[in-house]
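The model shown is predicted, which means the values in this text are computed figures rather than measured ones. When reading the values below, keep in mind they use all heavy atoms of this one structure, side chains included, and skip hydrogens, waters and symmetry mates.
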Amino acid sequence: MNKDDFPTISFNKRRDYLLFLPSSELGDLMRSWRHATFLDIGENPLVPEDFTRKEMQTGIWWRLLVAGAIAGGVSRTCTAPLDRIKVFFQVRGGEYSSIGICLRHMLKEGGVVSLWRGNGVNVLKIAPETAIKFATYEKLKSLIRGDLERELQMHERFLAGSIAGGIAQSSIYPLEVLKTRLALRKTGQYKSAWDAACKIYRIEGLRSFYKGYLPNLLGIIPYAGIELAIYETLKESYTARHPELNEPGPMALLGCGTTSSSCGQILSYPLALIRTRLQAQAITSDHTQGAGTMIGLFKTIVKREGVAGLYRGITPNFMKVAPAVSISYVVYEYSRRRLGVRAS
């Protein structure tokens with residue numbers, strides 16, 4: 001960023017660093033950051049793009065995964081207040097008419113530090129989830145390919161990605177429940193994450209750590225499927241309109257990816273909301289009208305709050321996307337370099 005070794009960094013230097021690192025060519029930039037596309041911004045993390053044979057043989061792949069886990073942890077920490085506001089709106093959205101009122105309530109109840117409640121557990125689960133997902137995805141790809149060296153089709157990637165995501169989420173799901181409970185806790189309710197886990201287990205039993213598991217698992221499938229389908233559709237449509245191009249340019253691919261990811265989040269968000277409410281039911285004590293089940297809770301929300309109630313908290317969720325991705329990219333690039341992986 002500071003090429004001339006001047007003691008200060010100007011706005012223009014930082015802007016150029018974010019826009020053009022490590023090259024002034026956008027195509028080089030996209031290729032350099034292609035492994036960062038799996039970075040988790042707190043909702044439905046994706047399976048990373050394929051690593052090359054050279055990267056697999058040299059062992060660079062694990063360094064890239066470590067860099068991604070570090071970047072994801074820093075990104076989540078920086079955007080934790082927005083994530084906690086999202087959880088509050090998902091569970092207690094009817095109590096707050098705006099994000100500002102919710103923020104003031106949290107500050108009044110526990111101070112500035114309370115904005116990061118549950119973030120420690122949130123960061124803790126990134127590394128094992130990423131590792132399990134990648135290992136499972138690679139194993140499934142090799143099983144699908146068999147003895148043939150070929151590129152996987154869209155439906156094959158969808159199948160492998162969905163199964164890998166499901167296995168990874170199943171492995172770390174108790175941490176998801178713990179994160180939600182810690183985010184919603186009152187000051188002094190738990191001494192630590194371990195204390196919270198012990199109290200939840202003692203009072204509610206082991207099953208409480210898997211509340212909301214079904215909608216969470218179901219949410220992975222439509223998100224991955226919708227994103228892949230819309231991405232491929234937009235890409236083919238662009239190619240059909242520009243027959244002179246063999247492949248869409250970086251900007252076109254970026255636009256396709258952003259649109260498909262947004263659509264995936266919008267269409268799968270109700271399942272994420274239902275998952276969070278089921279996780280928090282011991283706190284809210286909302287078991288009326290069959291609300292203790294996924295379908296019963298869905299009907300209750302629609303009856304009480306309308307279809308809009310299924311999207312409570314989506315505004316702070318989208319608000320955190322831009323800063324989360326920006327922070328992830330910068331930290332990922334720095335971590336990758338520190339781990340000895342240079343741009344290809």
Notebook entry, point to check: What is the minimum heavy-atom distance between Phe298 and Leu310, and which atoms define it?
Noted result: CE1-CD1, 3.6 Å
Checklist line | Heavy-atom closest pair, residues Ser171 and Ile132 | finding: CB-CD1, 3.6 Å
Notebook entry, point to check: Can you tell me if Arg76 uses its side chain to pair, donor with acceptor, with the backbone of Asn122 under 3.5 Å?
Noted result: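 Pair found, side chain donor or acceptor close to backbone of Asn122.
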Checklist line | Polar side-chain atom of Ser114 near backbone of Met106 as donor-acceptor pair, under 3.5 Å | finding: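 Here the side-chain-to-backbone pair exists.
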State plainly whether the residues [X] and [Y] are in salt-bridge range, i.e. N to O under 4.0 Å.
{"X": "Glu109", "Y": "Arg185", "result": "no"}
{"X": "Arg312", "Y": "Glu95", "result": "no"}
{"X": "Lys320", "Y": "Asp83", "result": "yes"}

Check: For residues Ser170 and Tyr213, is any side-chain donor paired with an opposing acceptor at under 3.5 Å?
Finding: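 Present: a donor and an acceptor within the cut-off.
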Margin query: Between Arg117 and Thr187, is there a side-chain donor-acceptor contact under 3.5 Å, judged purely by atom types and distance?
Written below: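 Thr187 vs Arg117: donor-acceptor pair found between side chains.
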Next item on the list: Report yes if the side chains of Val331 and Ser75 come closer than 4.5 Å at any heavy-atom pair, otherwise no.
Entry: no
Notebook entry, point to check: Is there a side chain to side chain donor-acceptor pair (under 3.5 Å) between Asn216 and Gln169 once you walk through the steps?
Noted result: CA-CA 8 Å; Asn216 181 71; Gln169 282 282 296; 2.7 Å; yes
Next item on the list: Give a yes/no verdict on a cation-pi contact between Arg241 and Tyr238, requiring under 6.0 Å between NZ or CZ and the six-membered ring centre and an angle within 45° of the axis.
Entry: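 No, cation not above the ring by the 6.0 Å, 45° rule.
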Margin query: What's the separation between atom CD in Gln279 and atom OH in Tyr173, rounded to the nearest 0.5 Å?
Written below: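 Atom-to-atom, Gln279:CD and Tyr173:OH are 3.5 Å apart.
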Note to self: Please check if the number of heavy atoms outside Lys199 that lie under 6.0 Å from its NZ is greater than 12.
What the structure shows: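 Counting neighbours around NZ of Lys199, more than 12 heavy atoms of other residues, nucleotides or ligands fall under 6.0 Å, so yes.
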